[in-house]
Amino acid sequence: MTSEPRPFPRPAWRVAAASALAVAVLGGCDALKPPEACSITVAPANLSLPVNGSVTVVGTAFDCKGNSILNKPLSFASTNPAVATVTNSGAVIGVGVGTTTVSAVANGRSGTAQVTVTPEPAASVTVTPGPVTLRRTNTRQLTATAKNAQGTVISGRSFRWSSSNSAIVGVDQTGMVTAVATGVAEVTAESDQTIGRATITVTELPIGSCTLTPTAVRVTVGQTAQPALALRDTAARTLPSVGRGMVWTSDNETVAAVSSSGLVTTRRAGEARIRATSAEYPTVVCEATVTAVDPRIVQVVVSPRTGSVRLGIPRTYSVTLLDSVQAQIPAGRVVTWSTPTPTVVSVTQGGIVTGLSLGTARVVATAEGVSDTVTLSVTRIPVSTVTVAPLQATVIENQEQQFRATVTDSVGAEVTDRTVEWTSGDPTRASVSSTGLVRGLASGTVTISAAAEGRSGSAQLVVLPIPVDSVVTSDTVFNVVRGQTTAFSISLRDASGAIVRGRSVAVTSDFPNIADGTPNSTSDRVDVRGLTVGSARLTVQALDANGRVQGKPSRVRVTVTAPPANPSPAGRSSPP
């Protein structure tokens, strides 16, 4: 069998050369590979862009020696793609308003940039509807739309609304327009210093009807009258008449003429119809009837027609002049005043009547041969107040007190010619005469009143009991048997010696262990009780309503004796 040929052995230098070549080739490949990144930065680190705007960020990788690494592949990402997205080339695109973080990553290292996305600026603002014509007091809602430079609508924008003349057109910050007065104004909506405009024209409300007030009036010839004009819209709401053209006419110029402002001037007696017609709406017409009357005085009326005057106090009377249709004639006519009773009243040419004496009088007013007469009474000035003096007084039973009444009239003067009636609030305690003299009858407080012409005043009178002057006893020396009770009589006397009843007394003993005394309920007897054989002195004193001693006391000497001994039985002696 044949054997395979053996390889020709390589020389050692060739093996070494091949190894060196392999190492060189491998070293050249490592030199072409970028180094590992130790850090990454993103520039700019903070950026702002609007929605739909784009800004490119640059990421740079650095090796561990701080050298930048050229052509280092980086991957970009956004933490909130709803705010901003980023492409692999670092192009950041705004998506929604807010903030997010954009990062560049390589070899597990990253760098970041803060991104703020702002609202997209408005390139144009459109206000709709516009132009608009509104009637005064009406409202209309306007809307504003903002668009970017590409003509795309920007949603969620707010606008600042304003009016070029708020006296004509008002607008709130929602775009609601109110027509205030007639005229033209421009309403603007502004966003990002971009303005949209709408022209608003305000016209008057249409006149639906009109009325004149009063619908009929009587006017003296030569005088004027101004009917009041009232306008209403088609919904019957009141409209201002200022600035609304009205055409005024009279169907009888010889009786009454009317000016362009509706002032009617009467020329002669008769009747005329005054008409007001809207210049804007000729079908709107309203009328009033004016009757011109003869200015001749037909009747004079004095007032007040009833009543009276106070003596010495002036009172003014007035007069009304009426024409043939009972219409009042304006002031300016001459009126003469007189009285056929000059001793009772006087009257001035101004109609001021003054009472001179009590009685009945007449006053006459005359104008252009026509007169009127009123009858009146002259009375006293009425009483205003009645005061009683003194306001408080104190008397003892059966004594007298004089009260005085002062009567004043309504002008504050004291009068003495009025009848005063005196009364006692309790005739059982005090009586009063027609002159105000009061006598105290029984103790207590009484109201004394004086009245005149329905007015009254009062005072208080305190009636005190008659004081006790002394106590009189039936005995000054009195005997009583021990263990028994015997009475002696007493009487209370005033300073004149008259008996005083209804008072209390107090009885005291200087030796109450020998004898004491007790008064009865009517204070006309003292019951004496003998307690121990001996002698004692009883003192009897009167007491007032407050329990205080009153008047002089009386004293009674009481001797208490032993009771007589019992008779001894036959054949036995009595005990010692």
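Within a 6.0 Å radius of CD in Glu414, more than 12 heavy atoms belonging to other residues, nucleotides or ligands are found. Annotation for Gln392: atom CD does not count as buried by contact number, only 12 or fewer foreign heavy atoms lying within 6.0 Å. For CD of Glu421, the number of neighbouring non-hydrogen atoms (other residues, nucleotides, ligands) closer than 6.0 Å is 12 at most.
The distance from the CG atom of Asp251 to the CD1 atom of Ile274 is 7.0 Å, given to the nearest 0.5 Å. Separating the CD1 atom in Ile93 from the OG1 atom in Thr85 is a distance of 4.5 Å, to the nearest 0.5 Å. For the atom pair OG1 (Thr306) and CG (Leu376), the distance works out to 10.0 Å, reported to the nearest 0.5 Å. Put simply, OG1 on Thr224 and CG on Leu263 are 5.0 Å apart, with the number rounded to the nearest 0.5 Å. In this structure, OG in Ser110 is found 11.5 Å from CZ in Phe76, a value given to the nearest 0.5 Å.
A side-chain donor-acceptor contact under 3.5 Å links Ser318 and Ser303. With 3.5 Å as the limit, one finds a donor-acceptor pair spanning the side chains of Thr447 and Gln460. No side-chain donor-acceptor contact under 3.5 Å links Thr126 and Thr145. In summary, the side chains of Thr194 and Asp192 do not present any donor paired with an acceptor at a separation below 3.5 Å, with no hydrogens or angles considered. Defined by atom type and a distance below 3.5 Å, a donor-acceptor pair is missing between the side-chain atoms of Ser456 and Ser449.
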Next item on the list: List the steps, then state whether side chain to side chain donor-acceptor pair (under 3.5 Å) holds for Ser308 with Ser377.
Entry: CA-CA 5 Å; Ser308 61; Ser377 299; over 6 Å; no
Note to self: Pair Asn46, Gln114 - check side chain to side chain donor-acceptor pair (under 3.5 Å), show working.
What the structure shows: CA-CA 5 Å; Asn46 292 280; Gln114 296 300 313; over 6 Å; no
Next item on the list: Report the C-alpha separation of Thr178 and Thr139 in whole Å, then their side-chain angles, then the decisive distance to 0.1 Å, and conclude whether the side chain to side chain donor-acceptor pair (under 3.5 Å) test is met.
Entry: CA-CA 4 Å; Thr178 301; Thr139 60; 5.8 Å; no
Next item on the list: List the steps, then state whether side chain to side chain donor-acceptor pair (under 3.5 Å) holds for Arg310 with Thr379.
Entry: CA-CA 5 Å; Arg310 304 300 185 185; Thr379 61; 2.9 Å; yes
Next item on the list: Apply side chain to side chain contact (heavy atoms under 4.5 Å, CB included) to Glu120 and Val97, showing your working.
Entry: CA-CA 9 Å; Glu120 187 175 11; Val97 176; over 6 Å; no
Next item on the list: Evaluate the criterion salt bridge (Lys or Arg N to Asp or Glu O under 4.0 Å) for residue pair Arg135 and Asp233; output intermediate values, then yes/no.
Entry: CA-CA 11 Å; Arg135 287 176 175 169; Asp233 62 16; over 6 Å; no
Check: So Ile381 and Ile313, side chain to side chain contact (heavy atoms under 4.5 Å, CB included) or not? Walk me through it.
Finding: CA-CA 8 Å; Ile381 302 175; Ile313 298 180; 3.5 Å; yes
Next item on the list: Run the numbers on Arg267 and Glu253 for side chain to side chain contact (heavy atoms under 4.5 Å, CB included), then give the verdict.
Entry: CA-CA 8 Å; Arg267 294 174 172 173; Glu253 293 281 347; 4.1 Å; yes
Item checked: Residues Val105, Leu74; criterion side chain to side chain contact (heavy atoms under 4.5 Å, CB included); working and verdict -> CA-CA 6 Å; Val105 180; Leu74 300 174; over 6 Å; no
Note to self: salt bridge (Lys or Arg N to Asp or Glu O under 4.0 Å), that's the test. Do Arg418 and Asp409 meet it? Break it down for me.
What the structure shows: CA-CA 10 Å; Arg418 311 302 164 89; Asp409 59 23; 5.5 Å; no
Checklist line | Full working for salt bridge (Lys or Arg N to Asp or Glu O under 4.0 Å) between Glu280 and Arg244 | finding: CA-CA 8 Å; Glu280 303 170 81; Arg244 308 307 290 262; 2.8 Å; yes
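Listed for the Gln226 side chain is no donor-acceptor partner under 3.5 Å among the backbone atoms of Val264. In terms of modelled atom types and a separation under 3.5 Å, the side chain of Ser164 and the main chain of Glu186 share a donor-acceptor contact. Between the side chain of Thr408 and the backbone N or O of Gly412, no donor-acceptor pair lies under 3.5 Å. Judged by distance alone, the side chain of Gln141 and the main-chain N or O of Thr174 form a donor-acceptor pair under 3.5 Å. No donor-acceptor pair closer than 3.5 Å links the side chain of Asn107 to the backbone N or O of Arg109. Side-chain N or O atoms of Ser250 include one that pairs as donor or acceptor with a backbone N or O of Ala256 at under 3.5 Å. Of the possible donor and acceptor atoms, none in the side chain of Thr375 sits under 3.5 Å from a partner among the backbone N and O of Thr360. No donor-acceptor pair closer than 3.5 Å links the side chain of Arg275 to the backbone N or O of Trp248. A donor-acceptor contact shorter than 3.5 Å links the side chain of Ser78 to the backbone of Ala84. A donor-acceptor contact shorter than 3.5 Å links the side chain of Lys72 to the backbone of Pro35.
Among all heavy-atom pairs drawn from Asn148 and Ala123, the shortest one is C-CB, 3.5 Å. Pairing each heavy atom of Arg333 with each of Ile297, the nearest pair is NH1-CG1, 3.6 Å. When every heavy atom of Arg305 is checked against every heavy atom of Asp372, the shortest pair comes out as NH1-OD2, 2.6 Å. The minimum heavy-atom distance linking Ala189 with Val125 is given by the pair O-CG1, 3.6 Å. The two residues Val115 and Leu49 have their closest heavy-atom pair at CG1-CD2, 3.4 Å.
Between Phe159 and Thr143 there is no side-chain heavy-atom pair separated by less than 4.5 Å. Val363 has its side chain out of reach of Thr373: every pair of non-hydrogen atoms, C-beta onward, lies at least 4.5 Å apart. Proximity of Leu212 to Leu229: side-chain heavy atoms (C-beta onward) are separated by under 4.5 Å at one or more points. Counting heavy atoms from C-beta outward, Val298 and Val370 have side chains that stay 4.5 Å or more apart. Inter-residue side-chain proximity for Thr112 and Val102 is flagged as unmet; no heavy-atom pair is nearer than 4.5 Å. Met246 has its side chain within reach of Leu231: a pair of non-hydrogen atoms, C-beta onward, lies under 4.5 Å apart. Phe62 places a side-chain heavy atom less than 4.5 Å from the side chain of Thr41. Looking at heavy atoms from C-beta onward, Val127 lies out of side-chain contact with Thr188 at the 4.5 angstrom threshold.
Figure legend: Arg315 and Tyr317 shown as a cation-pi pair, the cationic atom lying under 6.0 angstrom from the six-membered ring centre and within 45 degrees of its axis.
Applying side-chain contact (heavy atoms from CB on, under 4.5 Å) to Gln328 and the options Val301, Asp323, Thr320 leaves one that passes, Thr320. The residue from Thr133, Val184, Leu142 that alone fulfils the side-chain contact (heavy atoms from CB on, under 4.5 Å) condition with Ile200 is Leu142.
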